[in-house]
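Chain letters run A, B, ... following the sequence lines, proteins first, then strands; residues in each count from 1. Please read these numbers as outputs of a predicted model, since none were measured by experiment.
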Number of protein chains: 2
Amino acid sequence: MATYDPLKRALKKEGLRYTQQRQSVWDELCATNDHRDAEEIYLAIRQSGLNVSRATVYRTIDVLVKNKMVRKLELGDGRARYEHKINATHHDHLICIQCGKIEEFMDEVIESRQDEIVKKFGYKLVRHIHQLFIICSECESP
Amino acid sequence: MATYDPLKRALKKEGLRYTQQRQSVWDELCATNDHRDAEEIYLAIRQSGLNVSRATVYRTIDVLVKNKMVRKLELGDGRARYEHKINATHHDHLICIQCGKIEEFMDEVIESRQDEIVKKFGYKLVRHIHQLFIICSECESP
DNA sequence: TATATTCTGAGACTCAATCTCAATAAGAAT
DNA sequence: ATTCTTATTGAGATTGAGTCTCAGAATATA
Ligand SMILES: [Mn+2]
Ligand SMILES: [Mn+2]
Ligand SMILES: [Zn+2]
Ligand SMILES: [Zn+2]
């Protein structure tokens, strides 16, 4: 047990118990850098031989999102997608509306313009969503 | 019947019939500059004495969105919101996560940066979503 | 007016996500 | 290690926005 164990730290902070199921959800989310939905996480865990329910997957993801270990993406297709935030810096997404591929981008100019816009209104920026829906090169010229 | 009647024009283009229900949905959407959900549109029409079904509201909105007369907004609360595009120029939104108030903004610098980002990837931009979730001044200092 | 075709509405259905609650597991206490 | 308390789990029920079905109603055409 490492001294820096983000899952155990978060669970302790929330007054929650450490369980195999919660560990498996976190492990599976960290296993790739993809942007997967809850069902994909659920199936991947079961594929690996571990038992977990959909309800627990959803409940655990909520804890991880609340503790900023996981980011939730709503891409407008009715299913939320998730990505772990281990070693990740802030970025936004390009989504191919043809094949579903997701790429990441980050633009300092846009980030600071956002702050200025919000400041001009006299508001306080909490978070933002910036998604560029595109046709990727492979879908454009197959 | 005006020569410039966007609803009738769109229906003709789609090979669809003009009906009182479709007119009432379009009228209600144009009645305010708000960002309302389908249920609010539905209730407002019935409030005004006209009869329409939820199914028809949804079906008509789809036609209007397809013909760029109405814009669909997904703000992450599970219900899509709609705004008419009569005399409207492109803009994005600030949303107060406390009271739900929606304000509009438009920033040429951000708009052109988006194009540059997409061009750098070699992709083709189709549309974008840019939402700033904020705490508004009234919610910050009540 | 008669005919062909589209449209409507009530309610069934879908599907992601949430909730329920009895059985189970974790952790604290002894 | 065993007992005890309390949180967690999972199967399945429920929710809710949105979609679908299809018989009856409305519209366009002749
Ligand atoms: Mn990402
Ligand atoms: Mn708007
Ligand atoms: Zn693609
Ligand atoms: Zn507010």
Side-chain angles (χ1 to χ4, degrees), chain A residues 1 5 7-29 35-46 49-67 70-82 100, chain B residues 1 5 7-29 35-46 49-67 70-82 100:
Chain A
M1 186 199 317
D5 186 329
L7 178 61
K8 288 186 175 166
R9 213 159 43 101
L11 292 174
K12 182 155 284 180
K13 172 178 160 261
E14 298 286 332
L16 300 172
R17 292 179 178 174
Y18 173 83
T19 66
Q20 289 309 308
Q21 287 87 342
R22 283 169 175 159
Q23 182 69 58
S24 73
V25 173
W26 174 236
D27 285 348
E28 187 52 48
L29 277 159
H35 305 80
R36 291 178 291 170
D37 63 36
E39 185 70 13
E40 289 172 314
I41 301 297
Y42 166 75
L43 291 174
I45 295 170
R46 306 208 114 209
L50 294 169
N51 218 325
V52 74
S53 66
R54 268 171 258 259
T56 294
V57 169
Y58 278 108
R59 284 185 291 226
T60 302
I61 288 176
D62 285 348
V63 175
L64 299 175
V65 169
K66 188 178 178 194
N67 285 274
V70 165
R71 180 171 172 197
K72 180 179 185 174
L73 301 176
E74 320 247 25
L75 305 182
D77 63 350
R79 281 165 302 136
R81 297 179 162 274
Y82 304 93
Chain B
M1 187 198 314
D5 186 327
L7 178 62
K8 288 185 176 165
R9 215 160 41 101
L11 292 175
K12 181 155 288 181
K13 172 177 159 263
E14 297 286 331
L16 300 172
R17 290 179 178 172
Y18 173 83
T19 66
Q20 289 308 308
Q21 287 88 342
R22 285 170 174 160
Q23 182 69 57
S24 73
V25 172
W26 174 236
D27 286 348
E28 186 52 48
L29 277 159
H35 306 78
R36 291 178 291 170
D37 62 37
E39 185 70 14
E40 288 173 313
I41 301 298
Y42 166 75
L43 291 174
I45 295 170
R46 306 209 114 209
L50 296 168
N51 217 325
V52 74
S53 67
R54 267 171 259 258
T56 294
V57 170
Y58 278 109
R59 284 185 290 227
T60 303
I61 288 175
D62 285 347
V63 175
L64 299 175
V65 169
K66 186 178 178 194
N67 285 274
V70 165
R71 180 173 173 195
K72 179 178 186 174
L73 301 176
E74 319 248 26
L75 304 182
D77 62 350
R79 280 166 303 137
R81 297 179 161 274
Y82 305 93

Reported CD-to-OG1 distance for the pair B/Q20 and B/T56, which is rounded to 0.5 angstrom = 13.0 Å
Counting distance only, does the side-chain N/O of B/R22 pair as donor-acceptor with the main-chain N or O of B/R17 below 3.5 Å?
-> yes
Atom CD of A/Q20 to atom C1' of D/dT8: distance rounded to whole Å?
-> 13 Å
Any idea which of C/dC19, C/dG27, D/dC20 is nearest the A/A55 side chain?
-> C/dC19
Under 4.0 Å between a side-chain N or O of B/T56 and OP1 or OP2 of C/dG9?
-> yes
For A/N51 and D/dT9, give me the distance from atom CG to atom C1', rounded to whole Å.
-> 10 Å
Between B/T19 and C/dT8, does any side-chain N or O lie under 4.0 Å from OP1 or OP2?
-> yes
B/R54 CZ to C/dA10 C1', straight-line distance once rounded to whole Å | 11 Å
Could you tell me whether the side chain of B/R17 has a donor or acceptor atom within less than 3.5 Å of a complementary atom in the base of C/dT5?
-> yes
Looking for any heavy atom pair under 4.0 Å, which part of the strands does B/D37 touch: base, sugar-phosphate only, or nothing?
-> nothing
OP1 or OP2 of C/dA17 sitting under 4.0 Å from any side-chain N/O of A/Y58?
-> yes
Minimum-distance nucleotide to A/Q21 side chain [options: C/dA17, C/dG9, D/dG10] = D/dG10
Residue A/K13 excluded, over 12 heavy atoms near NZ under 6.0 Å | yes
Take the protein atom CG of B/D62 and the nucleotide atom P of D/dA17, then report the distance between them rounded to whole Å.
-> 16 Å
Nearest-angstrom distance from the residue atom CZ of A/R22 to C1' of D/dT9 | 9 Å
Answer yes or no: is there an ion pair linking B/E74 with B/R81, defined by an N-O contact shorter than 4.0 Å?
-> no
Take atom CZ of B/R79 and atom P of D/dT15, then tell me their distance rounded to the nearest Å.
-> 18 Å
Round to the nearest Å and state the distance from B/E39 atom CD to D/dT19 atom P.
-> 14 Å
Are any side-chain N or O atoms of A/E28 and backbone N or O atoms of A/V25, one a donor and one an acceptor, separated by less than 3.5 Å?
-> no
Polar pair under 3.5 Å, donor/acceptor by atom type, side chain B/R59, base D/dG18 = no
What's the NZ-P distance between B/K12 and C/dC7, to the nearest Å?
-> 14 Å
